[in-house]
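Counting convention: from 1, in listed order, for ligands and their atoms alike. Numbers here simply count residues along the sequence, with the first being 1. When reading the values below, keep in mind they use all heavy atoms of this one structure, side chains included, and skip hydrogens, waters and symmetry mates.
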Amino acid sequence: MAVNGTILIVEDEDSICDFIATSLRAQNYKTVEAKNAREGIALAASLCPDLILLDLGLPDMDGGEVIKSVRQWSMLPIIVISARSQEKEKVQALDMGADDYITKPFGVPELMARIRTAMRHGMIAVGGRPAAQVFRVGDLMLDFEKRLVKLGGTEIHLTQVEYKIVAFLARNAGKVMTYDAVISHVWGPYMDDNNRILRVNMANIRRKIEKNPAEPRYIFTETGVGYRMAEEE
Ligand code: CA
């Protein structure tokens, strides 16, 4: 059977590392394990894996050092494995160039879904597939060329800023985008602390596109981190 790809697991806790490796091998991935950051950096460079699963709390260095090192030479997908208490670290990791994160404890289906999404984005990043002109999820449709948003066939009127936010999240569907990433995309890198304005815009967007804004179907909030657009089915 064909191998789905090689995944480097950088994790110092043996039980978690074994659990992940076993689950991945059962899904036809090849796995390589590193128990500290130094080993992770070396193996990433020598093996060029298709994806890295990275624990942030490593014995020798912070996992962030692995992201920094890898990002100097590659856009290969990196998914951070973090503890629930590491909210700040998660945001830093994403801003440093990690593609996504998964919070312990997690189940195998969630891990596999994240891996598939990150790999798909990795392929687009290296030019494997042109960006689509239309994005669809559920009843929501975005036409990037016409800058048109429809819900169940009816055109939704969004302000320019609202459209920019929705289009940016749709272009990166399935991936969490940090508040800072959204803010600098919409208002530029010099706009400090626009979190409040972003929240106001998001509330307006949800009123327009979600049936129940309190239980969003399309744009999810990752508390303390950012927003994630549901993926195309
Ligand atoms: Ca650890």
ask   = Of all the N, O or S atoms in D12, which one sits nearest to the Ca ion (ligand 1)?
value = OD1
message = Please name the atom of D55, limited to N, O or S, that comes nearest to the Ca ion (ligand 1).
response =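 Minimum-distance N/O/S atom of D55 relative to the Ca ion (ligand 1) is OD2.
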[X] versus [Y]: any side-chain heavy-atom pair under 4.5 Å?
| X | Y | result |
| --- | --- | --- |
| E11 | L53 | no |
| I115 | L24 | yes |
| L111 | F19 | no |

query = Taking atom types as modelled, is there a side-chain donor on E231 or T117 under 3.5 Å from an acceptor on the other?
reply = yes
request  = Using a cut-off of strictly less than 3.0 Å, determine whether G57 has an N/O/S atom near the Ca ion (ligand 1).
outcome  =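 It does; at least one qualifying atom falls short of 3.0 Å.
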